[in-house]
A.B. asks: 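Once you've had a glance at the structure underneath, I'll fire off some questions.
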Amino acid sequence: MQGLFFATAGSLSAQGVLRGLSLTVDVGVLRPDNYAANFYNGSPTNVNTLNRILYSETYGNQIWNNLTTQDLIGSSVANYNQITVAEYGDMYYKLALQLGMGFRYDYENSNWAWNTRFDYAKLHAQGAVLLNSGHGTAYLTNQNRYVVCPTAGVEERIYIDLGVIRKFKSYHGIDFELTLGGNLNNTKVESSDISIGGVTYSILDIWGGNSPSSYVASYEYINQGGIGYGGYASAAVGFTLPIGTAMWLAYTFHYNKVNLQGYESFAMHHAVNLNVAINNFSFF
């Protein structure tokens, strides 16, 4: 992902070809694969489960009373132990703003270069859990059959890319670049919440796998993410001006593993970026 470069006159040829070391920055949009978003849906197979809250001494009666008061559940649901989950649903990530910086080195009299990039994005996952209300429904309709409970998760991701660049100079004002490389990434889970009857509860496990109660101590939250790895490919198109400014629009395809417990499979992630290099160091 190579970008808009501001370089000293000595580092450019007459055609505006970059040479030497450049410091780059970028801004773009990240579209992660939705597979890992289900880390936040509260399923019993997840590390953070809805059941731990729903059927707990600390929160169970509160949830049941709130749903009963609002007439969201019927009289057939006599206590919190009789609340049942109809569907956990599939969650998805919203498009995320991605910001980054890095370095690239362009070899003199060559169509080859290399780069390293550090990108940051805060991801928001959302979806919904359906609780059975116990209300009767009209024929061929699900009206009032379920209590819709929005779910949400927030995480931070850092991508570290190291790649080799092949440049294609067209001499018609438009340049092309292809990049192949490897990736390390780090994920930090910030929150995992569910809203039940208008009240939001955190389902992050801070009770050592137990349900919260008067005799279970809570612990300081420890990040549930970690380091993953994979590879990437990037294609960029842009132009270089004689004054040493180049603008590139790049598409990047990552195929990597994100370290979220139970969702560590390799998946595809996509980003579109406008990349900017602030300087070119001719003394390299």
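Each residue takes its place number in the sequence, starting with 1.
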A.B. asks: A side-chain contact here means heavy atoms from C-beta on lying under 4.5 Å apart; do Tyr92 and Gln126 qualify?
C.D. replies: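 In contact.
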
A.B. asks: Which atom names give the shortest non-hydrogen contact between His269 and Pro32, and what distance separates them?
C.D. replies: ND1-CA, 3.5 Å

A.B. asks: For residues Gly225 and Leu260, report the shortest heavy-atom separation together with the two atoms involved.
C.D. replies: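 Looking at all heavy atoms of both residues, the closest pair is CA-CD2, 4.2 Å.
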
A.B. asks: Is there a donor-acceptor contact under 3.5 Å from the side chain of Arg52 to the main chain of Asn210?
C.D. replies: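 Yes, because the side chain of Arg52 sits within donor-acceptor range (under 3.5 Å) of the backbone of Asn210.
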
A.B. asks: What are the two closest non-hydrogen atoms of Ile53 and Ser202, and how far apart are they?
C.D. replies: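 Shortest heavy-atom contact: CD1-O, 3.6 Å.
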
A.B. asks: So, does Thr116 use its side chain to make a donor-acceptor pair with the main chain of Arg104 at under 3.5 Å?
C.D. replies: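 Such a contact is absent between Thr116 side chain and Arg104 backbone.
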
A.B. asks: Stepwise, does the side chain to side chain contact (heavy atoms under 4.5 Å, CB included) test hold for Glu155 with Glu190?
C.D. replies: CA-CA 5 Å; Glu155 68 187 56; Glu190 289 194 348; 6.0 Å; no

A.B. asks: Do Tyr215 and Glu57 have side-chain atoms, one donor and one acceptor, less than 3.5 Å apart?
C.D. replies: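 Note: Tyr215 and Glu57 side chains miss the donor-acceptor criterion.
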
A.B. asks: Is the closest side-chain heavy-atom distance between Thr24 and Asn275 below 4.5 Å?
C.D. replies: no

A.B. asks: Does any N or O in the side chain of Asp26 come within less than 3.5 Å of the main-chain N or O of Asn273, such that one atom is a donor and the other an acceptor?
C.D. replies: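 No, because the side chain of Asp26 does not come within donor-acceptor range (under 3.5 Å) of the backbone of Asn273.
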
A.B. asks: Is there a side-chain contact between Leu23 and Phe103 (heavy atoms, below 4.5 Å)?
C.D. replies: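 Side chain of Leu23 against side chain of Phe103, heavy atoms only: contact under 4.5 Å found.
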
A.B. asks: side-chain hydrogen bond (donor to acceptor under 3.5 Å, both in side chains) between Thr58 and Ser56: does it pass, once the steps are laid out?
C.D. replies: CA-CA 5 Å; Thr58 302; Ser56 70; 5.1 Å; no

A.B. asks: Linking I/L/V/M/F/W/Y whenever their side-chain heavy atoms sit closer than 4.5 Å, directly or via other members, would Val216 and Tyr55 fall into one cluster?
C.D. replies: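 Per the 4.5 Å side-chain linkage, Val216 and Tyr55 are co-clustered.
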
A.B. asks: Within a radius of less than 6.0 Å around CD of Gln82, do more than 12 heavy atoms belonging to other residues, nucleotides or ligands occur?
C.D. replies: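 Enclosed: over 12 neighbouring heavy atoms sit under 6.0 Å from CD of Gln82.
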
A.B. asks: Supply the atom-to-atom distance Ile194 CD1 to Ile203 CD1, rounded to the nearest 0.5 angstrom.
C.D. replies: 6.5 Å

A.B. asks: Are Tyr80 and Leu67 side-chain neighbours, meaning at least one heavy-atom pair lies under 4.5 Å?
C.D. replies: no

A.B. asks: Could you see if Val272 belongs to whatever hydrophobic cluster contains Tyr159? Use Ile, Leu, Val, Met, Phe, Trp, Tyr and a side-chain cutoff under 4.5 Å.
C.D. replies: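 No, separate clusters.
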
A.B. asks: To the closest 0.5 Å, what do you measure between OG1 (Thr69) and CH2 (Trp64)?
C.D. replies: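 The distance works out to 8.5 Å.
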
A.B. asks: With rounding to the nearest 0.5 angstrom, report the OG1 to CG distance, Thr187 to Asn223.
C.D. replies: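 If I round to the nearest 0.5 Å, the distance is 8.5 Å.
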
A.B. asks: Is it true that Tyr35 and Tyr93 have ring centroids separated by less than 6.0 Å?
C.D. replies: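 Tyr35 vs Tyr93: aromatic centres not under 6.0 Å.
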
A.B. asks: Do Leu95 and Val258 share a hydrophobic cluster, counting only Ile, Leu, Val, Met, Phe, Trp and Tyr and linking them when any side-chain heavy atoms are less than 4.5 Å apart?
C.D. replies: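 Different clusters.
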
A.B. asks: Does Trp112 form a side chain to side chain contact (heavy atoms under 4.5 Å, CB included) with Arg166? I'd like the steps, not just the answer.
C.D. replies: CA-CA 5 Å; Trp112 294 93; Arg166 178 66 166 90; 3.5 Å; yes

A.B. asks: Answer with yes or no whether the hydrophobic clustering places Val47 together with Leu204; edges join I, L, V, M, F, W, Y residues whose side-chain heavy atoms lie under 4.5 Å apart.
C.D. replies: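 Yes, one cluster joins them.
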
A.B. asks: Pair Gln70, Asn66 - check side-chain hydrogen bond (donor to acceptor under 3.5 Å, both in side chains), show working.
C.D. replies: CA-CA 6 Å; Gln70 298 183 57; Asn66 183 37; 2.8 Å; yes

A.B. asks: Please tell me if the side chains of Leu54 and Val85 come closer than 4.5 Å, counting only heavy atoms from C-beta onward.
C.D. replies: yes

A.B. asks: Classify the ring geometry between Tyr201 and Tyr59 as parallel (under 30°), tilted (30 to 60°) or perpendicular (over 60°).
C.D. replies: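 Perpendicular.
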
A.B. asks: Between CG of Asn65 and CG of Asn79, what distance do you get to the nearest 0.5 Å?
C.D. replies: 10.5 Å

A.B. asks: Relative to the ring of Tyr105, is the ring of Tyr107 parallel (under 30°), tilted (30 to 60°) or perpendicular (over 60°)?
C.D. replies: perpendicular

A.B. asks: Identify the two heavy atoms, one from Asn46 and one from Asn38, that lie closest to each other, and give their separation to 0.1 Å.
C.D. replies: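 The answer is ND2-O, 2.8 Å.
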
A.B. asks: Can Thr252 and Ser234 be counted as having a side-chain donor-acceptor contact under 3.5 angstrom?
C.D. replies: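 Distance-only check passes for Thr252 and Ser234.
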
A.B. asks: How far apart are the C-alpha atoms of Leu50 and Thr151, what are their side-chain angles, what is the distance that settles it, and do they pass the side chain to side chain contact (heavy atoms under 4.5 Å, CB included) test?
C.D. replies: CA-CA 10 Å; Leu50 171 59; Thr151 50; over 6 Å; no

A.B. asks: Please report the interatomic distance CG(Asn185) to CG(Asp119), rounded to the nearest 0.5 Å.
C.D. replies: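 So the CG of Asn185 and the CG of Asp119 are separated by 11.5 Å.
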
A.B. asks: If you compare all heavy atoms of Val77 against all heavy atoms of Gly134, which two are closest, and at what distance to 0.1 Å?
C.D. replies: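 Shortest heavy-atom separation between Val77 and Gly134 comes out as CG2-CA, 4.3 Å.
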
A.B. asks: Would you say Leu131 and Ile73 make side-chain contact, with heavy atoms under 4.5 Å?
C.D. replies: no

A.B. asks: Check the orientation of Phe39 and Tyr263. Use parallel for under 30°, tilted for 30 to 60°, and perpendicular for over 60°.
C.D. replies: perpendicular

A.B. asks: Just by distance, do the side chain of Tyr221 and the backbone of Ser191 share a donor-acceptor pair under 3.5 Å?
C.D. replies: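 Pair absent, no side-chain N/O of Tyr221 close to backbone of Ser191.
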
A.B. asks: Report yes if the side chains of His270 and Phe253 come closer than 4.5 Å at any heavy-atom pair, otherwise no.
C.D. replies: yes

A.B. asks: Step by step, would you call Tyr88 with Tyr40 a ring pair (Phe, Tyr, Trp, His ring centres under 6.0 Å)?
C.D. replies: CA-CA 10 Å; Tyr88 286 95; Tyr40 302 97; over 10 Å; no

A.B. asks: Is it true that Thr200 and Asp193 share a donor-acceptor pair across their side chains at a distance under 3.5 Å?
C.D. replies: no

A.B. asks: Verify side chain to side chain contact (heavy atoms under 4.5 Å, CB included) between Asn183 and Tyr255, making sure each step is shown before the conclusion.
C.D. replies: CA-CA 9 Å; Asn183 165 265; Tyr255 185 68; over 6 Å; no

A.B. asks: Does any donor atom in the side chain of Asn48 or Asp205 lie under 3.5 Å from an acceptor atom in the other side chain?
C.D. replies: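 The criterion, which ignores hydrogens and geometry beyond distance, is not satisfied for Asp205 and Asn48.
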
A.B. asks: If you count every heavy atom of other residues, nucleotides or ligands that lies below 6.0 Å from Ile227 atom CD1, does the total exceed 12?
C.D. replies: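 No - once you tally the heavy atoms of other residues, nucleotides and ligands closer than 6.0 Å, there are 12 at most.
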
A.B. asks: For Gly228, is there any backbone N or O sitting under 3.5 Å from a side-chain donor or acceptor partner on Asn259?
C.D. replies: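 The answer is no, because no donor-acceptor pair under 3.5 Å joins these two groups.
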
A.B. asks: Examine Ile196 and Val199 and state if one hydrophobic cluster contains both, with Ile, Leu, Val, Met, Phe, Trp and Tyr joined whenever side-chain heavy atoms are less than 4.5 Å apart.
C.D. replies: yes

A.B. asks: Measure across Gly127 and Met91 and return the closest heavy-atom pair with its distance rounded to 0.1 Å.
C.D. replies: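 Looks like N-CE, 3.6 Å.
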
A.B. asks: If I take atom CD1 from residue Ile165 and atom CG from residue Asn111, how far apart are they, to the nearest 0.5 angstrom?
C.D. replies: 12.0 Å

A.B. asks: Please tell me if the side chains of Tyr146 and Ser133 come closer than 4.5 Å, counting only heavy atoms from C-beta onward.
C.D. replies: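 Contact flag for Tyr146/Ser133 side chains = no.
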
A.B. asks: Hey, does the side chain of His135 reach the backbone of Asp71 with a donor-acceptor pair shorter than 3.5 angstrom?
C.D. replies: yes

